[in-house]
Each structure stands twice: as C-alpha cells, then as structure tokens.
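Worksheet: one structure, shown below.
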Amino acid sequence: MAADDSNDASSCANGQPPVNSSPVVCFGEMLIDFVPTIAGVSLAEAPAFEKAPGGAPANVAVGISRLGGSAAFVGKVGDDEFGYMLANILKQDNVDNSGVRYDHNARTALAFVTNRADGEREFLFFRHPSADMLLHESELDVELISKAKIFHYGSISLIDEPCKSAHLAAMKIAKNSGSVLSYDPNLRLPLWPSAEAAREGIMSIWDQADIIKISEEEIAFLTGGMDPNDDNVVLDNLFHPNLKLLIVTEGSAGCRYFTKEFKGRVAGVKVKPVDTTGAGDAFVGGILYCLASDPDLYKDEERLREALLFANACGAVTVTKRGAIPALPTKEAVLSLLTRAAS
C-alpha cells in the first residue's frame with residue numbers, strides 16, 4: 001500500500017462525531033469467553049482459563065465507542081454476576097446499555113475459546129439455553145432501535161426462538177426508521193442444529209442488508225465450497241440488488257470490497273500477531289465508525305479505500321494484544337499504526 005494511501009486513511013477519523021449523534025445500535029449476544037492462560041493449546045490441554053467479555057455484536061459496539069463514535073447495545077444477559085459485569089463493561093466504554101435486559105431464569109452464556117497451535121480455533125459453548133437466546137420481542141427498546149443511524153447484527157441471534165423473532169422485529173423497526181442495516185454473519189457452526197440449518201438461517205435475511213461483511217471461510221461455506229478468492233463467485237452468489245457494500249475480510253492480507261459501481265482490494269497493515277480474537281469485530285467497528293460519520297462514502301472509491309485501510313488498521317492493532325474487548329483500539333492507536341506503516 002502506497003504511503004500516501006496510509007496517510008489519507010485518517011480522513012474518516014479526523015472529525016469527532018457530536019456527542020448526541022445517532023448511535024450505531026448493535027443487536028445480539030454478549031457473553032463471557034474463557035481463554036487459556038497460555039497460547040497455542042487445545043481446550044483439554046489448557047492448564048487454566050481467564051475470563052474475558054465477548055460476543056461479536058457487543059465487541060463491535062465497544063469498538064465504535066472506543067474510536068470516539070456513538071454506540072448502543074441491545075441484547076439479554078443473565079440476572080447474575082457475569083450479566084451485570086458485562087453491562088458494566090459496556091457502560092465503562094461509553095456504550096449505551098439501556099437496551100440490555102436481564103433474564104431471571106437463564107444464565108449469561110459462556111464460551112471456552114482457544115487458538116490451537118495448528119491455527120484452528122476451538123469453541124465449547126454453554127447455552128442450554130442462555131439468557132441471550134431468550135430475548136422477547138416485547139423486551140425490545142423500540143425508541144433506541146428507531147434512533148439508530150446504523151443497525152448492526154449477526155446470525156447467532158437467528159438460531160433459536162424467541163430471540164429470532166425479536167431479531168427480525170428489531171430489523172423491521174430499524175429499516176422503517178431509515179437505519180442502514182449492517183450484517184456480519186459470524187458463522188459459529190457448533191451452535192446451529194446442522195450445516196444446512198446454518199446456511200438457510202444465514203441466507204434467510206441476506207437480501208435485507210445494506211452492508212455485509214463476510215470472511216473467506218464463510219463464502220466457501222455459503223456457496224457450497226466454491227472458490228472464495230474468485231470475485232465472480234462473490235458477485236454471482238452473494239451480491240444482491242439492494243446491497244450498498246459487500247466486504248470480504250482476508251485476515252492479515254486485508255480485504256476486498258464490492259459495490260454496484262466498483263470493486264477492489266485494500267492491503268492489510270503488517271503487525272506481529274499475539275491473539276487474533278476480536279480482529280474481525282474491530283474491523284467492523286472501524287468501518288461502521290467511518291460510515292456513521294460519512295454515510296455516502298461507499299459511493300466514492302477513494303473515500304471507501306481510506307475507510308477500509310483505517311478498518312484494517314483497527315483489526316491489526318487488536319491482534320497485538322490478548323482478548324477481544326481489552327484489545328480494541330483507540331483512534332490514536334490506529335492512526336499511530338498507520339503513520340508508522342506509511343514511513
């Protein structure tokens with residue numbers, strides 16, 4: 001990536017959004033991740049675990065807020081110590097948590113997560129059922145959702161009722177209020193009854209999104225094993241007529257982007273990785289932060305490339321520290337990395 005591109009990336013992050021600007025509202029799960037105290041081991045080999053706040057939509061909300069944007073989270077946790085801890089973490093990071101509900105019968109979800117030495121991630125979920133699955137449509141904060149400039153969600157909240165109905169209702173409220181709908185499927189196959197159910201569930205709301213972020217692995221999964229590196233596979237199978245922007249993340253290599261007018265690739269920012277947890281969520285937080293302050297940037301390829309480089313740098317800073325939420329960067333850290341990368 002040319003040096004001048006790197007310097008330009010700060011343009012989407014220059015102006016501080018007004019404190020009362022419409023928030024990016026993130027909907028879905030927030031949970032406790034238990035991560036091995038040493039890296040590169042399987043769950044069975046881990047000598048001990050440390051707890052860390054997790055859940056992709058919550059990570060994205062914190063990511064936006066930490067960059068200086070306005071964010072809110074809507075979801076359900078248990079009426080337990082972990083649930084109140086998570087709600088408090090949102091508050092500490094200036095994320096509006098007024099849309100959080102507490103379930104008196106179900107516990108906050110737990111997930112044991114590790115990056116094994118062979119590079120594979122291993123998950124073990126405790127959700128039988130967990131509080132996040134039990135959010136009812138009647139518990140939605142309609143006023144908060146209808147204020148969303150961008151309404152962001154994943155697919156885990158589509159797996160079980162009553163949360164699925166709440167998710168679909170929240171999307172409808174946001175859409176009718178003029179929000180931009182942002183979708184990161186965030187495939188977690190072990191949580192779905194079957195691969196077919198996952199494919200069907202993820203695709204069931206595909207054509208409603210304005211912005212979609214997807215990984216190479218998810219392309220291969222959703223297309224039944226087609227080549228994720230082939231732009232035509234993406235355009236023919238996953239780009240729909242209402243879509244404003246489709247982003248394919250490629251880890252440390254950066255990302256590809258597709259709009260109705262143009263497509264291209266933005267290189268990643270080189271760092272020494274420590275833990276890749278939360279990198280995708282940091283990327284989403286970065287691009288949504290830029291879109292919230294410049295909603296039409298997807299129409300201008302130069303501005304879009306600047307924003308995507310900024311988002312790549314958000315992901316890059318995150319992998320240099322352990323955990324998801326603890327590692328999410330400030331705007332200063334992102335701009336500092338971009339300045340170093342450009343020199």
Side-chain angles (χ1 to χ4, degrees), residues 25-35 43 49 51-62 72-90 95 97-114 121-142 144-145 151-173 183-205 218 221 277-278 281 324-325:
V25 176
C26 300
F27 175 94
E29 70 281 358
M30 188 172 194
L31 52 117
I32 303 284
D33 284 335
F34 283 92
V35 186
L43 292 177
F49 296 88
K51 69 179 193 298
N59 294 345
V60 171
V62 172
F73 176 75
V74 173
K76 200 173 197 184
V77 293
D79 181 14
D80 52 41
E81 285 294 314
F82 284 154
Y84 288 103
M85 180 192 108
L86 292 173
N88 200 41
I89 283 166
L90 292 173
V95 174
N97 68 359
S98 59
V100 174
R101 301 292 178 260
Y102 301 88
D103 196 285
H104 302 295
N105 299 310
R107 297 284 185 222
T108 301
L110 308 179
F112 288 78
V113 189
T114 187
R121 291 179 86 190
E122 204 180 321
F123 293 94
L124 184 58
F125 294 96
F126 287 78
R127 301 168 86 238
H128 307 290
S130 54
D132 60 288
M133 299 156 68
L134 300 176
L135 180 70
H136 288 261
E137 184 180 339
S138 60
E139 295 176 299
L140 292 174
D141 188 329
V142 175
L144 177 63
I145 294 166
F151 184 70
H152 176 73
Y153 48 88
S155 70
I156 290 172
S157 41
L158 294 170
I159 299 173
D160 294 284
E161 292 290 3
C163 189
K164 179 181 177 180
S165 292
H167 179 143
L168 296 175
M171 280 175 63
K172 195 171 182 182
I173 293 163
Y183 186 21
D184 176 2
N186 198 37
L187 176 66
R188 294 288 178 266
L189 208 44
L191 294 180
W192 291 86
S194 67
E196 195 43 53
R199 207 173 280 116
E200 213 170 281
I202 288 169
M203 295 307 293
S204 68
I205 57 168
E218 287 161 347
F221 175 75
T277 308
D281 300 329
I325 284 178

Does [X] reach the side chain of [Y], with side-chain heavy atoms less than 4.5 Å apart?
| X | Y | result |
| --- | --- | --- |
| Leu135 | Leu140 | yes |
| Phe34 | Leu124 | no |
| Leu31 | Asp132 | no |
| His167 | Ile205 | yes |
| Lys172 | Leu168 | no |
| Asn97 | Met30 | no |
| Leu191 | Ile156 | yes |

Inset, instruction - Compute whether any side-chain donor of one residue and acceptor of the other, for Tyr153 and Asp184, lie under 3.5 angstrom apart. - result: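 There is no such pair between these side chains.
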
Inset, instruction - Just jot down the side chain to side chain donor-acceptor pair (under 3.5 Å) partners of Thr114, sequence neighbours excluded, or say none. - result: none

Inset, instruction - Can you sort out the partners of Arg107 under side chain to side chain donor-acceptor pair (under 3.5 Å), two or more places apart, ordered by chain and number? - result: none

Inset, instruction - Identify the two heavy atoms, one from Ala170 and one from Phe151, that lie closest to each other, and give their separation to 0.1 Å. - result: CB-CZ, 3.6 Å

Inset, instruction - Identify the two heavy atoms, one from Pro57 and one from Gly28, that lie closest to each other, and give their separation to 0.1 Å. - result: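 So the two residues come closest at CG-CA, 3.9 Å.
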
Inset, instruction - Apply the test side-chain contact (heavy atoms from CB on, under 4.5 Å) to residues Val74 and Ile145: give CA-CA distance (whole Å), side-chain angles for both, the deciding distance (0.1 Å), then the verdict. - result: CA-CA 8 Å; Val74 173; Ile145 294 166; 4.2 Å; yes

Legend entry - Heavy atoms of other groups near Glu196 CD, more than 12 under 6.0 Å: yes

Inset, instruction - Report the C-alpha distance between Ile202 and Glu218 in whole Å, list the side-chain angles of each, state the deciding distance to 0.1 Å, and finish with yes or no for side-chain contact (heavy atoms from CB on, under 4.5 Å). - result: CA-CA 10 Å; Ile202 288 169; Glu218 287 161 347; over 6 Å; no

Inset, instruction - Can you sort out the partners of Ser165 under side-chain contact (heavy atoms from CB on, under 4.5 Å), two or more places apart, ordered by chain and number? - result: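 Per chain and number, Ser165 pairs via side-chain contact (heavy atoms from CB on, under 4.5 Å) with Glu161.
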
Legend entry - Tyr183 side chain vs Ser155 backbone, donor-acceptor pair below 3.5 Å: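 Absent.
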
Inset, instruction - Show the numbers, then the answer: is there a side-chain contact (heavy atoms from CB on, under 4.5 Å) between Phe73 and Val25? - result: CA-CA 6 Å; Phe73 176 75; Val25 176; over 6 Å; no

